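In what follows, a structure is listed as structure tokens, so that the remarks can point back to it.
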Amino acid sequence: MNWPPGYAHVPLGEVGSTLDEAARRFGEMSGPTWITATRQTAARGRRGRAWANPEGNFAATLVLPRVAPEAAPLRSFVAALALFDAFAALTGRAESFALKWPNDVLLNGGKVAGILLEGRPAGGRLSGLAIGIGVNLAEAPAADEVEPGALRPVSLAGETGLTVPPGDFLEALAPAYAHWEAQFADLGFAPIRTAWLARAARLGETVTARLTSSEITGVMREVDEAGQLVLSTPHGLHRIAAGDIFF
Ligand SMILES: O=C(O)CCCC[C@@H]1SC[C@@H]2NC(=O)N[C@@H]21
């Protein structure tokens with residue numbers, strides 16, 4: 001097994017949410033730690049949405065106990081690249097996958113994986129970061145279970161016919177994450193941004209960004225040095241730090 005040096009693994013059975021387990025165990029962790037669960041009964045997604053997590057799907061939270069707070073949000077791009085590489089390695093079909101800003105992975109245009117970051121105070125200037133990752137390996141929610149306009153949820157098994165056990169997925173994901181995390185630590189966000197843009201969905205196409213209380217439609221130009229989405233509209237360039245995009 002190609003487990004990355006310096007990373008720990010806490011395998012759990014059924015839990016409410018691996019993000020809650022991370023919050024509970026955070027003080028005990030001194031280095032990067034993967035917390036996995038066979039099933040979650042109260043998993044959450046971005047923007048307060050529920051995340052369905054039947055057995056056979058992949059559920060994990062990677063805890064980074066001490067990170068610089070300004071670099072924490074950029075870990076969603078690091079995690080997205082790792083997911084892309086894990087999928088590509090396990091399926092041999094990199095061309096079927098794409099990354100959707102800010103942090104979804106698409107397979108054949110449907111959502112196969114999502115990422116949710118949560119910060120934790122760690123004392124002093126540094127913060128703790130929990131990176132929650134959910135992958136529809138075996139099953140995906142029905143299309144009418146997601147919000148209107150959201151991408152069709154898909155599963156790896158449904159789209160490719162491949163059965164990948166969650167443990168095998170972790171064995172591909174953990175070294176891929178460690179690789180991109182080392183790039184980030186050594187060289188900063190630039191190589192992460194370049195690699196992410198090379199795998200991005202809908203670059204150069206018109207998308208709608210849904211913000212807290214408004215929407216902006218424009219052509220997706222890039223993701224900037226701060227990880228913001230750059231849309232060009234008839235009124236000029238808009239940089240969007242947080243939101244969801246719809247195609
Ligand atoms: O909305 C999204 O796309 C993000 C989904 C994140 C789900 C994962 S599953 C493991 C971790 N535990 C949770 O409760 N949520 C995240």
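All residue numbers in this chain count up from 1 along the given sequence. As the structure lists them, so they are numbered: ligands from 1, and atoms in each ligand from 1. All of these numbers come straight from a predicted model, not from anything done at the bench.
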Exam field: side chain Thr33 to backbone Met29, donor-acceptor pair closer than 3.5 Å: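 No.
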
Could you go through ligand 1 and note, for every N or O atom, any protein N or O atom closer than 3.5 angstrom, writing the atom names and distance to 0.1 Å, or 'none'?
| from | atom 1 | to | atom 2 | distance (Å) |
| --- | --- | --- | --- | --- |
| ligand 1 | 1 (O) | Arg46 | N | 2.7 |
| ligand 1 | 3 (O) | Lys111 | NZ | 2.5 |
| ligand 1 | 12 (N) | Thr18 | OG1 | 3.2 |
| ligand 1 | 12 (N) | Gln40 | OE1 | 2.9 |
| ligand 1 | 14 (O) | Ser17 | OG | 2.7 |
| ligand 1 | 14 (O) | Arg44 | N | 2.8 |
| ligand 1 | 15 (N) | Arg44 | O | 2.7 |

Cationic tip of Arg199 above Phe97 ring, under 6.0 Å, 45° of axis: no

Asp244: which of Arg49, Arg210, Lys100 passes salt bridge (charged side-chain N to carboxylate O under 4.0 Å, His left out):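 Looking at Arg49, Arg210, Lys100, the match for Asp244 under the salt bridge (charged side-chain N to carboxylate O under 4.0 Å, His left out) is Arg49.
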
Inter-residue atom distance Trp101.CH2 - Arg202.CZ, 0.5 Å rounding: 16.0 Å

Sub-4.5 Å side-chain heavy-atom contact between Val230 and Ile240: no

Pair Arg221 + Glu205: basic N to acidic O under 4.0 Å: no

